[in-house]
Engineer: 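Quick one: the structure is below, and I'll ask about it shortly.
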Amino acid sequence: MNIIWARSIVSVVLLGVLCVVVGALVNVETGLSLAVVLLLAQSLFGTFHKQRLWRLLDAPVYGEVPSAPGIWGEIYYRLHKLAKRWHAQVRQVEQQHSRFIQAIQASPNGVAMLDDHDQIEWCNAISEVHFGLDAKRDLRQHITHLVRQPDFVRYLNSHRYEEMLIMRGMGEKRQNVLSVQVFPYGENRKLVLSQDITELERTDAMRRDFVANVSHELKTPLTVLSGFLETMRELPLSEAERARYLDLMEQQSSRMRHIVNDLLVLAKLEGDNKPASDQMIDMRAVLRHLQDDAESLSSQHHRIVFDADEGLTVTGVETEILSAFGNLVTNAIRYTPDGGAIKVVWQLQGGSAMFAVTDSGLGIPAADIPRLTERFYRVDRSRSRDTGGTGLGLAIVKHVLQRHDAQLEVTSEEGRGSTFTVRFPAVRTARRLPAPA
Ligand code: ADP
């Protein structure tokens with residue numbers, strides 16, 4: 001027997017006993033009247049609390065517990081305990097849900113959930129960007145009304161989702177490439193995962209171009225070499241002809257060696273960790289090296305001036321800096337006709353080190369400047385080849401400078417000359433104390 005039955009029985013028994021006692025003491029009518037009045041009062045009391053309970057269940061106010069004597073107090077208390085437990089559970093589920101949403105929002109991939117009619121139930125911010133959706137506005141919209149690319153519509157309707165779909169021309173500028181895959185789940189629901197592979201495609205295309213360029217660059221001297229070999233084997237040649245052919249063959253093999261060397265340098269630069277920022281370069285030695293090389297390459301065909309602050313230095317890898325600066329100085333000589341002038345400046349400017357090479361040479365058309373650091377990009381192919389260029393010099397410069405947090409600026413005027421300026425950040429700029437006398 002539960003407490004409600006027990007209390008009801010007790011109160012009826014007490015009421016009965018009271019009425020019988022009053023009936024016996026006064027008279028039967030008075031006992032009966034008292035019984036009617038008490039039953040009425042109990043019924044009113046019950047109706048009042050039933051009404052109160054009804055209102056409470058209709059619009060429960062968490063934490064508000066009405067007080068009442070007897071069984072009603074007990075009911076309200078139990079109800080309050082139930083509501084408290086229920087609230088705690090709801091809060092837990094809400095927290096789990098919000099953590100789950102946060103995790104999907106943090107994903108670098110787009111996630112969109114579709115219901116059994118392919119209407120958008122939910123999507124994360126990345127998916128909004130990928131497909132140009134608006135999570136609030138487009139809720140319950142059929143996805144193919146918003147993502148209308150025929151390829152996507154066909155893929156979604158095909159119900160064959162083992163392979164992913166590549167969508168091109170996406171994003172605001174219609175230049176992005178997405179890889180999209182649908183994963184069915186639950187009752188006919190779908191998860192649409194998307195990933196921006198624009199950069200991946202670009203590097204893949206660059207890799208393909210690079211392999212094609214390397215093959216082409218090596219194929220030309222190889223063809224020449226094998227042509228000479230064939231001639232030497234099949235034709236009777238005079239001693240002088242043999243010597244000339246051997247010279248030409250040597251030129252071609254040295255060209256190939258230079259290309260392979262530069263490729264190895266580039267590969268090493270790409271693979272190595274960033275240079276330490278506490279290793280000071282012996283800039284005096286670098287500048288001396290640059291000057292010697294410049295004079296030997298020019299063989300007094302140019303006026304070469306070095307204006308250098310020898311105490312100024314930077315932190316990084318000396319061999320890399322020598323190779324980058326060397327490429328800039330060599331280019332200035334190679335692309336400046338005899339009689340021209342070359343000036344090399346190494347000085348502090350605005351608190352940071354600056355290296356500039358100015359020549360009075362051929363100059364570079366403005367349209368070519370942004371592409372100069374691409375591998376194998378040449379403005380004047382024949383001049384580059386004639387002067388022993390590999391087309392990789394400025395690509396090496398770019399990599400070395402990137403690794404030293406430095407910037408390359410190029411200004412040029414066709415027919416008048418160019419200036420290649422390297423600016424190091426202040427944090428890499430240092431000053432060497434003069435050597436003791
Ligand atoms: P290359 O081995 O062909 O010189 P680089 O990468 O060093 O390759 O340079 C790329 C191209 O930039 C060169 O082929 C040349 O056309 C142009 N270039 C570089 N430096 C100069 C310069 N000082 N004056 C004119 N053109 C230059």
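Numbering of ligands and ligand atoms starts at 1, following listing order.
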Engineer: As an exercise, identify every atom of ligand 1 less than 4.0 angstrom from a heavy atom of S418.
Structural biologist: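 What qualifies from ligand 1 is 24 (N).
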Engineer: For D368, what residues pass the side chain to side chain donor-acceptor pair (under 3.5 Å) criterion, not counting sequence neighbours?
Structural biologist: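 Only Y377 meet the side chain to side chain donor-acceptor pair (under 3.5 Å) criterion with D368.
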Engineer: Within the 4.0 Å heavy-atom shell around D380, which atoms of ligand 1 are there?
Structural biologist: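 The list of qualifying atoms is 16 (O).
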Engineer: Can you name the side-chain contact (heavy atoms from CB on, under 4.5 Å) partners of S360, sequence neighbours left out?
Structural biologist: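 So S360 forms a side-chain contact (heavy atoms from CB on, under 4.5 Å) with T336, A341.
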Engineer: If you draw a 6.0 Å radius around CZ in R52, do more than 12 non-hydrogen atoms from other residues or ligands fall strictly inside?
Structural biologist: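 Yes, CZ of R52 has more than 12 neighbouring heavy atoms, counting only those of other groups under 6.0 Å.
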Engineer: Could you check atom 10 (C) of ligand 1 against the protein and tell me its nearest heavy-atom contact, residue, atom and distance included?
Structural biologist: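 Atom 10 (C) of ligand 1 sits closest to the protein heavy atom Y377 O, 3.3 Å.
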Engineer: Are any of the side-chain nitrogens in R375 or E270 under 4.0 Å away from the carboxylate oxygens of its partner?
Structural biologist: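 Salt bridge flag = yes for E270 with R375.
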Engineer: Answer yes when D116 and K190 have at least one side-chain N-carboxylate O distance shorter than 4.0 Å, and no when they do not.
Structural biologist: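 No, D116 and K190 are not salt-bridged.
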Engineer: Could you tell me whether E94 and R91 have a side-chain N and a carboxylate O separated by less than 4.0 Å?
Structural biologist: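 Between R91 and E94 there is no salt bridge, as every charged N stays at least 4.0 Å from the carboxylate O atoms.
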Engineer: How far is atom 26 (N) of ligand 1 from its nearest protein heavy atom, and which residue and atom is that?
Structural biologist: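 Ranked first by proximity to atom 26 (N) of ligand 1 is I364 CG1, 3.4 Å.
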Engineer: Numbering the atoms of ligand 1 from 1, which are under 4.0 Å from a heavy atom of G393?
Structural biologist: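 It comes down to these atoms of ligand 1: 5 (P), 6 (O), 7 (O).
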Engineer: Testing the basics here: between E320 and P275, what is the closest heavy-atom pair and its distance to 0.1 Å?
Structural biologist: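 Taking E320 first and P275 second, the nearest heavy atoms are OE1-CG, 4.4 Å.
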Engineer: Counting only heavy atoms not in Q402, do more than 12 sit closer than 6.0 Å to its CD atom?
Structural biologist: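 For Q402, atom CD is crowded (more than 12 foreign heavy atoms under 6.0 Å).
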Engineer: Suppose we call two aromatic rings close when their centres sit under 6.0 Å apart. Are H49 and Y76 close by that rule?
Structural biologist: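 Aromatic pair counts; centres sit under 6.0 Å.
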Engineer: Tell me which protein heavy atom sits closest to atom 8 (O) of ligand 1, plus the residue, atom name and distance to 0.1 Å.
Structural biologist: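 That would be G391 CA, 3.2 Å.
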Engineer: Strictly below 4.0 Å, N to O, side chains only: are K81 and E74 in salt-bridge contact?
Structural biologist: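 Result for this pair is no, no salt bridge flagged.
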Engineer: Looking at atom 24 (N) of ligand 1, what's its closest protein heavy atom, distance included?
Structural biologist: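 Checked against all protein heavy atoms, atom 24 (N) of ligand 1 sits closest to Y335 CB, 3.4 Å.
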Engineer: Among all protein heavy atoms, pick the one closest to atom 5 (P) of ligand 1 and tell me residue, atom and distance.
Structural biologist: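 Its nearest protein heavy-atom neighbour is L394 N, 3.6 Å.
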Engineer: Select the closest option to atom 23 (N) of ligand 1 among I333, T336, D359, judged by heavy-atom distance.
Structural biologist: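 Comparing heavy atoms across I333, T336, D359, the nearest one to atom 23 (N) of ligand 1 lies in D359.
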Engineer: Atom 7 (O) of ligand 1: which protein heavy atom is closest, and how many Å away?
Structural biologist: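 Of the protein heavy atoms, N331 ND2, 2.8 Å lies nearest.
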Engineer: For R334, counting its heavy atoms only, list the atoms of ligand 1 lying under 4.0 Å from any of them.
Structural biologist: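 It comes down to these atoms of ligand 1: 1 (P), 2 (O), 4 (O).
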Engineer: How far is atom 16 (O) of ligand 1 from the closest protein heavy atom, and which atom is that?
Structural biologist: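 Answer for atom 16 (O) of ligand 1: V379 N, 3.0 Å.
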Engineer: Compute the centroid of each ring, for Y155 and then for Y161, and state whether the two points are separated by less than 6.0 Å.
Structural biologist: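 Yes, close enough.
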Engineer: Please write down residue, atom name and distance for the protein heavy atom closest to atom 3 (O) of ligand 1.
Structural biologist: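 The closest one turns out to be S384 OG, 2.5 Å.
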Engineer: Just distances here: any N/O of L372 and N/O of ligand 1 closer than 3.5 Å?
Structural biologist: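 Such a contact does not occur with ligand 1.
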Engineer: Suppose I only count heavy atoms of T390 and a 4.0 Å limit; which atoms of ligand 1 are within that range?
Structural biologist: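 Near T390, meaning under 4.0 Å from one of its heavy atoms, ligand 1 has 2 (O).
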Engineer: Looking at G389, which atoms of ligand 1 are within less than 4.0 Å of one of its heavy atoms?
Structural biologist: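 So the answer, numbered in order with elements, is 2 (O).
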Engineer: When you compare ligand 1 with A395, is there at least one nitrogen or oxygen pair between them that comes in under 3.5 angstrom?
Structural biologist: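 No; the residue has no nitrogen or oxygen that sits under 3.5 Å from a nitrogen or oxygen of the ligand.
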